[in-house]
Amino acid sequence: RFSEVRNKGVAPPCFPASPFGEQQMQTQVFFKTVKDVRMLHVVFPIPDQEPFFRTKPAQFLSHFIGHEGQGSILSHLKNKGWSNRLSAGATDGANGFEFFKISVDLTKEGLANYDEVVAAIFKYIELLRDGSSLQEWAFKEVQQLGELSFRFKEKLPPSSYASQLAAQMQVDYPREWLLSGPYLTRDFNVDLIKGLLDQLKPTTCRVFVAAQQMPDGSEAWDKKEKWYGTDYKLMGLPQKLLQFQTQAKAAEDLALPKPNTFIPENFDVPGKDQAGQIPPLKQPQMLINSQMTRLWHKKDDRFWLPKANVFMLLRSPLIDATPSNAVKSRIFVELVKDALTEYSYDAELAGLGYNIESQADGIGIAVDGYNDKLSVLAQYILETIAFFKVDPKRFEILKDQVKRSYQNFKLEAPYQHANYYTTYLLMERMWTAEEKLAELETLSAEEVQRFLPELLGRLHIEMLAHGNVQREDAIKLKDMTES
């Protein structure tokens, strides 16, 4: 189909040096946002990572810096009350250079202490630099996670797959590695990893702080961006950060991650040897229909993968009865997800995910991924919900986060407003963002704690177990949920 497209033999442009020069590095940029958000970005210029597809040093470092478990940067910042989310990794620059970017979603206190947040990031990088993280067991774990991701990768829509494959063809992979190249890490090269770590220094970074106010609470922007008119201020990095490596103190509660216990070990799929002999069932079967629970089950008899999905709807008439209840339910769900972050992060890395959301008629819980240790994660989630204690400090932080999400809704694209108000007109009962915001203003942690026994004491459980799950396993999951 493309044979008539003439190959002009033109080499793609290459930029062998980073656009960050001396004037851009060792600086911090504060700029004013339209939405009420608070973000910190610490950006380091690094060499183009494409030639290192065998070793993937940037991916190895992002595994540690972007970790969310105990001892991580995020765990440390949450304990301080300075952050809710963090991400890290190499981002595309152009042919010849890239950036290693660490992004932090800040709280009010985190914005006021943004320099301490940056210092915590530098401390963790120093912890990596001492060499204890650069051990082969850590590499093999990252390698194993990549192999799992590739081995059981699910099919994409044809258009997405063709686009992805076209992009992979631009990388100089050996032909036989074209499909596996982005996923598999083949060699452990300590020197390359150390070399990349040497690029992540305070003297070679640029810091961006995005918020509606400066960290000191003022609006002392002194410049305006040419094209979009964005207010901003450019300053040099404080000396205490530039001299960090020579003045660094102990790493406080920062620590390297421990071995991941959620990596699956059992990939057996019972009945796979009979694939094609028995027509697949077209719909799930109801195993139990009691006063408290209705359980549905559908064994995967089409794809035969060692994966499963468990969906639970904890129905309650209280959840959306009033705007106040709707807000309490939303805050409760956000608090639970926040409390689960450290424990569930290893599971997420190992291909086992979950979601909890407050719906109009209940709390929806979904757990999906490799079935080997799915029940372990499900049990922890259910126990966290059943015995939850509201942390007043985290309550105030997440209350602010939810408040800003309600306030920022008016700045969303028009089509999202159209969808929202269409749903509002069609629903029998639905509360607006303005109604919820009014209730949120006076809500306290004590009120949410008092609401929980009422909410959890009047539930009906609707449950579906699908995938590599036997009937008896589905019933065990049901019993676990009821208890």
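Taking the six-membered ring for Trp and thresholds of 30 and 60 degrees, Y424 and Y421 have ring planes more than 60 degrees apart, a perpendicular arrangement. Ring geometry, F150 versus Y183: the interplanar angle falls from 30° to 60°, so the pair is classed tilted. The aromatic rings of H417 and F409 sit tilted, their planes meeting at an angle between 30° and 60°. Under the 30°/60° scheme for interplanar angles, the aromatic rings of F152 and Y370 are found to stand perpendicular.
Using a cut-off of 4.0 Å between Lys/Arg side-chain N and Asp/Glu carboxylate O, K476 and E472 are scored as not salt-bridged. Residues R450 and E446 are not paired through a salt bridge, judged by the lack of any N-O separation under 4.0 Å between the basic side chain and the carboxylate. Salt bridge annotation for K123-E126: absent, with no cationic side-chain nitrogen under 4.0 angstrom from a carboxylate oxygen. At a threshold of 4.0 Å, the pair K78-D391 does not count as salt-bridged, since none of the basic side-chain nitrogens sits closer than that to a carboxylate oxygen.
Scanning all heavy atoms of the two residues, the minimum distance from E435 to M430 falls at OE1-O, 4.3 Å. In plain terms, the two heavy atoms of S103 and M39 that are nearest each other are CB-CE, 4.1 Å. Residue A360 comes nearest to I319 through the heavy atom pair O-CG2, 4.3 Å, listed as atom of the first residue, atom of the second, then distance. Contact between N260 and E141 at its shortest, heavy atoms only, is N-OE1, 2.9 Å. In terms of heavy atoms, S316 sits closest to L459 at CB-CD2, 3.8 Å. Between H76 and A120, the shortest heavy-atom contact is CD2-CB, 3.6 Å.
Judged purely by atom type and a 3.5 angstrom limit, S290 uses its side chain to pair as donor or acceptor with the backbone of T293. Judged by distance alone, with hydrogens and angles left aside, the side-chain atoms of S149 form no donor-acceptor pair with the main-chain N or O of L145 at under 3.5 Å. Here the side chain of N325 pairs a donor or acceptor atom with the backbone of L318 at under 3.5 angstrom. Side chain of D300 to backbone of L305: a donor-acceptor contact under 3.5 angstrom is found. Judged by distance alone, with hydrogens and angles left aside, the side-chain atoms of H297 form a donor-acceptor pair with the main-chain N or O of V469 at under 3.5 Å. Checked by atom type and distance alone, the side chain of T107 pairs as donor or acceptor with a backbone atom of G81 at under 3.5 Å. Listed for the R129 side chain is a donor-acceptor partner under 3.5 Å among the backbone atoms of L197. The backbone N or O of D268 lies less than 3.5 Å from a partner atom in the side chain of N468, making a donor-acceptor pair. Using modelled atom types, one side-chain atom of K56 and one backbone atom of L184 make a donor-acceptor pair closer than 3.5 Å. Under the 3.5 Å distance criterion, the side-chain polar atoms of Q449 are matched with a main-chain donor or acceptor of F388.
Between the CD1 atom in I461 and the OG1 atom in T481 there is a gap of 5.5 Å [rounded to 0.5 Å]. Here the straight-line distance linking atom CZ of F99 with atom CZ of R206 works out to 10.0 Å at 0.5 Å rounding. For the atom pair CG of D346 and NZ of K258, the computed distance is 11.0 Å after rounding to the nearest 0.5 Å. Distance check, rounded to the nearest 0.5 Å: CG of N113 to OG of S83 gives 12.5 Å. Interatomic distance, R458 CZ to H460 NE2, rounded to the nearest 0.5 Å: 14.0 Å. The structure places CG of L179 at 10.0 Å from NZ of K153, a figure rounded to the nearest 0.5 Å.
The 12-atom threshold is exceeded at CZ of R404, counting heavy atoms of other residues, nucleotides or ligands nearer than 6.0 Å. Applying the 6.0 Å contact sphere to NZ of K337 captures more than 12 heavy atoms from other residues, nucleotides or ligands. Other residues, nucleotides and ligands contribute only 12 or fewer heavy atoms inside 6.0 Å of the CD atom of E154. Counting non-hydrogen atoms of neighbouring residues, nucleotides and ligands closer than 6.0 angstrom, the CD atom of Q283 reaches no more than 12 such neighbours. Counting non-hydrogen atoms of other residues, nucleotides and ligands closer than 6.0 Å to CD of E342 gives a total above 12.
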Would V104 and W82 satisfy side chain to side chain contact (heavy atoms under 4.5 Å, CB included), going step by step from the backbone distance to the final call?
CA-CA 9 Å; V104 185; W82 292 345; over 6 Å; no
Can you check ring-ring contact (aromatic ring centres under 6.0 Å, His included) on F262 and Y345, steps first, answer last?
CA-CA 10 Å; F262 274 102; Y345 187 71; over 10 Å; no
Step by step, work out the side chain to side chain contact (heavy atoms under 4.5 Å, CB included) result for Q379 and V376.
CA-CA 5 Å; Q379 182 174 358; V376 177; over 6 Å; no
Mind running side chain to side chain contact (heavy atoms under 4.5 Å, CB included) on F44 and I102 for me, showing each step along the way?
CA-CA 9 Å; F44 302 88; I102 303 164; 4.1 Å; yes
Worked verdict on K140 versus Q144 for side chain to side chain contact (heavy atoms under 4.5 Å, CB included):
CA-CA 6 Å; K140 287 187 178 298; Q144 187 178 4; over 6 Å; no
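When side chains are defined from C-beta on, K328 counts as touching S324, because their heavy atoms get closer than 4.5 Å. In this structure, F311 and W296 have side chains that are not in contact, with every pair of non-hydrogen atoms separated by 4.5 Å or more. Here the side chains of N84 and R394 are in contact, with some heavy-atom distance below 4.5 Å. Between V43 and T91, the closest side-chain pair of non-hydrogen atoms is not below 4.5 Å. Put simply, the side chain of M463 reaches to within 4.5 Å of the side chain of V310, judged on heavy atoms. You'll find the side chain of L256 reaches within 4.5 Å of the side chain of L128, heavy atoms only. You'll find the side chain of F52 stays beyond 4.5 Å of the side chain of T185, heavy atoms only. Residues Q285 and R471 form a side-chain contact, since some pair of their non-hydrogen atoms from C-beta on lies under 4.5 Å apart.
A side-chain donor-acceptor contact under 3.5 Å links S180 and R186. Between the side chains of E68 and T341, no donor N or O sits under 3.5 Å from an acceptor N or O.
A side-chain contact (heavy atoms from CB on, under 4.5 Å) with L335 is found for one member of I397, T384, V390 and no other, namely V390. Partner of K35 under the side-chain hydrogen bond (donor to acceptor under 3.5 Å, both in side chains) criterion, chosen from Q407, Q212, E412: E412.
Taking the six-membered ring for Trp, F451 and F332 have ring centres at least 6.0 Å apart.
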